[in-house]
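The chains referred to below are lettered A, B, ... by the order of the sequence lines, with proteins before strands, and numbering in each begins at 1.
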Protein chains: 2
Amino acid sequence: MGRNRATLADVARRAGLSKTAASMVLNGREGTRLSAEAHQRVFAAAEELGYRPNLAARSLRTRKTATIAFVSDIVATTRFAGDLIRGALDAARERDHVLLITETQGDATFEQYAIEAVLDRQVDGVIYAAMATRRLTVPAAILGGPVVLLNATSPDGLPSVVPDDEGAGRSVATALLELGHRDAIALIGRNRLKEDDPEVSLAARARLHGIRQTLDEAKVGLLAECFCTEWLPEHGYAAMRSLLSKPKRPSAIICMNDRLAFGAYQALGEAGLTVPEDISVISFDDDPIAAWLRPSLATTALPHEQMGRRAVELLLDGGAAEPSLVPMPLRRRRSLAPPAG
Amino acid sequence: MGRNRATLADVARRAGLSKTAASMVLNGREGTRLSAEAHQRVFAAAEELGYRPNLAARSLRTRKTATIAFVSDIVATTRFAGDLIRGALDAARERDHVLLITETQGDATFEQYAIEAVLDRQVDGVIYAAMATRRLTVPAAILGGPVVLLNATSPDGLPSVVPDDEGAGRSVATALLELGHRDAIALIGRNRLKEDDPEVSLAARARLHGIRQTLDEAKVGLLAECFCTEWLPEHGYAAMRSLLSKPKRPSAIICMNDRLAFGAYQALGEAGLTVPEDISVISFDDDPIAAWLRPSLATTALPHEQMGRRAVELLLDGGAAEPSLVPMPLRRRRSLAPPAG
DNA sequence: ATGCTCTGCTAAATCAGTTTAGCGACCACT
DNA sequence: AGTGGTCGCTAAACTGATTTAGCAGAGCAT
C-alpha cells in the first residue's frame, strides 16, 4: 500500500523552502508571517507532487488520528446495526474522520482485545454502541478520552444517544385514539424481564409508559395485554391466537415490535380476519418487513441512521451530557382504520 | 485517549538495557545473542509497566499498521452486510488486525475520499466488497497493495470470494426432483438485466444456470417462468397471482430470493392454498424472514459470515487468484413436500 | 604478543511529520 | 550610533518505535 509517496521534505525542496514553512502553509497556521508567494509555491509544489501527509507520522507527534472507534456488542445479529454504522460513517466522513470497527460479542475477552486494539491505535474517541437499547457499564480503560454511548445509557452520566421510545409509545396510542379506538385496544409483547431490567432493555419500559400515559389521559384502558417471552414472530402469532380465542375481539392491536406484528398478521390471516377492516395493527421499529407486509404495517421507526450520525457529532463537536433523545417518526400505513361498526 | 503510556525507552531503562535490546526481545527476534537473563528482565519490565507499543510509531518505521480497510459500495441497505462484516471482523481479530470501514455508496466522490482516507492510513490491505454479487472494476489507486474482492469479481483477475450460486441452483432443483416434482415446477424471478449484466448481478445467471442444468439432466422442463423487474415481495406476489390464474397449477415454485417467496406466500394465502400441501416453495438467500414465515421457508443460505472470514484469510495469508467459491448450504424447512396426488 | 572469532550488547540513524526557539535583515526611533 | 521591533524564514528537537552498524571483552590459536 502506498509505496513512493511524496513527503513533506519533497514538497519543501520543490518549493525552495524549509519543511517548517511547508508544514505551516499546508496546515493553514494563523499568525505565521510567511509571504503570499511562499504560500503559492508550497501549494503548487504539493499539488504537483500529489502530496498527501503520512498520518502515522503526524499522529505520532500530535496524538490525533482522525479515527473514531466504533465498539459494539453485536453488529451482525440485527439488521439495524447497518443503519447505525452508516449514519456514523456519513457524519465521520463529513468531519474527515474514519471509523475503526470492533465487536465484543458480549464476551469479556473480546472486549478486552477490542479496547486494547483501539487504545493502541490512539483513536480520537470511542462510540460504544449497544444493539438493543439498554443501560450498560463502560469499561474504565476507555474513559481516558471522549466516549459517546450509542443506543445505550450508562450510570456514569456519559453523553449518550437513544431513541425516544416513550414518545413513540405516545404516538402509537394517539394514532389509535384519533381513529376512534377506545374500548378494545389490546397490547402484544409485555415482558417483565425487558421492562424491569434496564441492562436488558430500556425500550420496553419506555414504550409501555408512553402508551399508558396517553391512554390514561384519554381515560381509556387496555382490553388485554399479552406477555411474550421474546419479541419474535412466533410469539406474536401465539399471542394473537389467544386474543382471538377470547369472547371480545379487539378492534386494534399494538405490538411492541414489528416481528410480533408479523406473527400477529399470520394468526389473523389464518383466522380469516382482514387488516385493517376487522382489526387495526400498529407497532414499533419499522423493520423492512413492515413495508412488505400486506397490508403494509403502520409503525414507529427506529431512527438508527440519525442516531449513528448524532453520536459522531456529539463525540467530535462536543455536546450535552444528558441523553440525547432522537424522535421515532410514525409511519402511517395501511394497517390502520377506524374501528368496525 | 491513552495519555501516559510507558514507552519502549521506559521499559529499557527499567530493565537496565538499551532500547535496541528491549525492542528485539519484545519482538522475539531470532538470531539475536541476548542472554536469557536479559530476556527475563525485559519481559518483567514490560509487564510491570503495562507496556503497549505505540502503533503509530511502529508503523511509521515498518509501514505495517495491522489494519485492513473494508471498502464497500453500500453497507446499510441489506441486512447481509452485517454478516459480511462480522465474518471479516472475527478473522481479523484472530490475526490481530482491525478493520477500517468505509462506504462509497456507489458515488465516485465518496469512493475517492474513501480511497484516500485508506491510503493515508497505510492499511495493510483492502477488502473491496459489493453488496450484491457482481463484477466490478477496482480503482487503480488501491492496486499498490494487496486487494481481495468480496462478493464480487473483477476483470483484473484479483483474488475474490463469491457465493456458489450455481451450486445453490443445483441444490434447489435437486431437492424438488428428489421429492418427485417433475412436470409442474415454476420459477419466479427471471430478470434480463440481472441475468445479462454482470455488473448488476452474477447471482441471477448462476442460479438460473444451476437450476437449468439439473433439470435438463433429469429431462424435466419448467412449467412456467415469471419475469420480475425487482426481487421484492410485491413482485413475488404479482408473479404468484399470475401463475395461479393459469389453467395448470404448479406443484412447486422456485423463487430467486426469499423476498419474492414472501410475496408468493402472501398470494398463496389469499388464494386459500396451503404450503406445502398444495404447493411447495423453495428459494435462495436465507433471509431471516425465511425462518419466520409459516410454514418456514426452505432456502439456500448466502454464507456471508464465511465469506467475510475467507476474504480476510485470503488477504493476509495469501491465496489462489481464481475466485474462491463459498458453498451455499440448503436449509430444508417446512415449505417442501411431495407433489399432491 | 598478535590476530581472529564469537558473544552480548549499544549508539545512532531512520521513518515523516509538528513545533519550539531563534537568526539575519531591515526599518524606525531616540 | 545604538536600540528595539517586525518581517520572513529556518535549524534542530521531538514523537516512539525499528534497524543498521559496530564496539568491547573473552577465548583461542599461532
Side-chain angles (χ1 to χ4, degrees), chain A residues 1-43 45-46 49-67 119-122 124, chain B residues 1-43 45-46 49-67 96 119-124:
Chain A
M1 234 66 273
R3 322 83 312 206
N4 41 7
R5 295 173 34 134
T7 70
L8 184 63
D10 297 331
V11 172
R13 198 172 314 122
R14 182 171 192 112
L17 290 163
S18 68
K19 282 198 307 170
T20 312
S23 172
M24 287 172 155
V25 168
L26 292 175
N27 288 316
R29 278 271 282 255
E30 305 282 319
T32 175
R33 296 181 298 239
L34 292 161
S35 66
E37 205 221 320
H39 277 77
Q40 295 275 349
R41 293 219 305 275
V42 171
F43 286 132
L49 297 172
Y51 172 71
R52 305 224 92 222
N54 178 324
L55 295 191
R58 171 179 292 171
S59 63
L60 177 56
R61 185 82 237 254
T62 61
R63 291 158 184 276
K64 298 240 162 278
T65 49
T67 302
L119 292 179
D120 287 353
R121 285 172 182 76
Q122 318 232 118
D124 294 345
Chain B
M1 238 57 281
R3 319 91 309 215
N4 42 11
R5 297 176 29 139
T7 71
L8 184 63
D10 296 331
V11 172
R13 198 172 312 122
R14 182 169 192 115
L17 290 163
S18 67
K19 284 200 305 174
T20 310
S23 172
M24 287 172 153
V25 167
L26 292 175
N27 289 316
R29 278 273 282 256
E30 305 283 319
T32 175
R33 295 180 299 240
L34 292 161
S35 66
E37 206 219 321
H39 277 77
Q40 294 275 349
R41 292 221 305 274
V42 171
F43 285 132
L49 297 172
Y51 171 72
R52 303 225 93 220
N54 178 322
L55 295 191
R58 170 179 291 172
S59 63
L60 177 57
R61 186 80 239 256
T62 60
R63 306 175 162 266
K64 298 240 162 278
T65 48
T67 302
D96 249 301
L119 292 180
D120 288 353
R121 285 171 181 78
Q122 319 231 119
V123 297
D124 294 345

What heavy-atom pair brings Asp124(B) and Lys64(B) nearest, and what distance separates the two atoms? OD1-CA, 3.5 Å

Outermost contacting nts on DNA chain D, any atom under 4.0 Å from chain B heavy atoms, listed 5' then 3', are dG16(D) to dT20(D)

Whole-Å distance separating the CG atom of Asn54(B) from the C1' atom of dC15(C): 13 Å

Leu60(A) CG to dT14(C) P, in whole Å, measures 17 Å

Polar side-chain atom of Ser23(B) near backbone of Lys19(B) as donor-acceptor pair, under 3.5 Å: no

Calculate the interatomic distance between Lys64(A) atom NZ and dG17(C) atom C1'; express it in whole Å. 16 Å

What does Thr20(B) touch in the nucleic acid at a heavy-atom separation under 4.0 angstrom: a base, only the sugar-phosphate, or nothing? base

Give me the atom names and distance for the closest heavy-atom approach of Ala46(A) to Leu26(A). CB-CD2, 4.1 Å

Using the rule given for side-chain contact (heavy atoms from CB on, under 4.5 Å), can you reason through Arg41(A) versus Leu17(A), listing the C-alpha separation, both sets of side-chain angles and the distance that settles it, and then say yes or no? CA-CA 9 Å; Arg41(A) 293 219 305 275; Leu17(A) 290 163; 3.8 Å; yes

Indicate the atoms forming the closest heavy-atom contact of Tyr51(A) with Thr7(A), along with that distance. CE1-C, 3.5 Å

Residue met sooner reading DNA chain D from 5', once Thr32(A) and Ala22(B) are mapped to nucleotides: Thr32(A)

If I compare all heavy atoms of Ala12(A) with all of Ala22(A), which pair ends up nearest, and what's the gap? CB-CB, 4.1 Å

Looking only at side-chain N and O atoms, does Arg58(A) come under 4.0 Å of OP1 or OP2 in dT18(C)? yes

Side-chain N or O of Arg29(A) versus OP1/OP2 of dT19(C): is the shortest distance under 4.0 Å? yes

Would a distance-only check, ignoring hydrogens and angles, find a side-chain to backbone donor-acceptor pair under 3.5 Å from Thr65(B) to Ser59(B)? no

Would you name the heavy atoms of Ala45(B) and Val11(B) that are closest together and state the gap between them? CB-O, 3.7 Å

How is Leu17(A) classified with respect to the nucleic acid when contacts are heavy atoms under 4.0 Å: base, sugar-phosphate, or nothing? sugar-phosphate

Letter by letter from the 5' end, nucleotides 22-27 of chain C scores (B base, S sugar-phosphate only, - none; protein heavy atoms under 4.0 Å) ------

I need the CD-P distance between Gln122(A) and dT18(C), as an integer number of Å. 16 Å

Write down the distance between CG (Leu8(A)) and C1' (dT19(C)), rounded to a whole number of angstrom. 13 Å

Roughly how far, to the nearest 0.5 Å, is CZ of Arg121(B) from OG1 of Thr67(A)? 4.0 Å

Taking the nucleotide of DNA chain C with the nearest heavy atom to each, does Lys19(A) or Met24(A) sit closer to the 5' end? Lys19(A)

Once you round it to whole Å, what is the distance between P of dT18(C) and CG of Leu26(A)? 8 Å

Would you classify Ala56(A) as touching base, sugar-phosphate or nothing, given that sugar-phosphate means primed atoms plus P, OP1 and OP2, and contacts are heavy atoms under 4.0 Å? nothing

Which part of the nucleic acid does Ser23(A) contact within heavy-atom distance under 4.0 Å: base, sugar-phosphate only, or nothing? base

Minimum heavy-atom distance between Asp10(B) and Arg5(B), given as atom pair plus value: OD2-O, 4.3 Å

Establish, with yes or no, whether the OP1 or OP2 oxygen of dA16(C) is under 4.0 angstrom from a side-chain nitrogen or oxygen of Arg63(B). yes

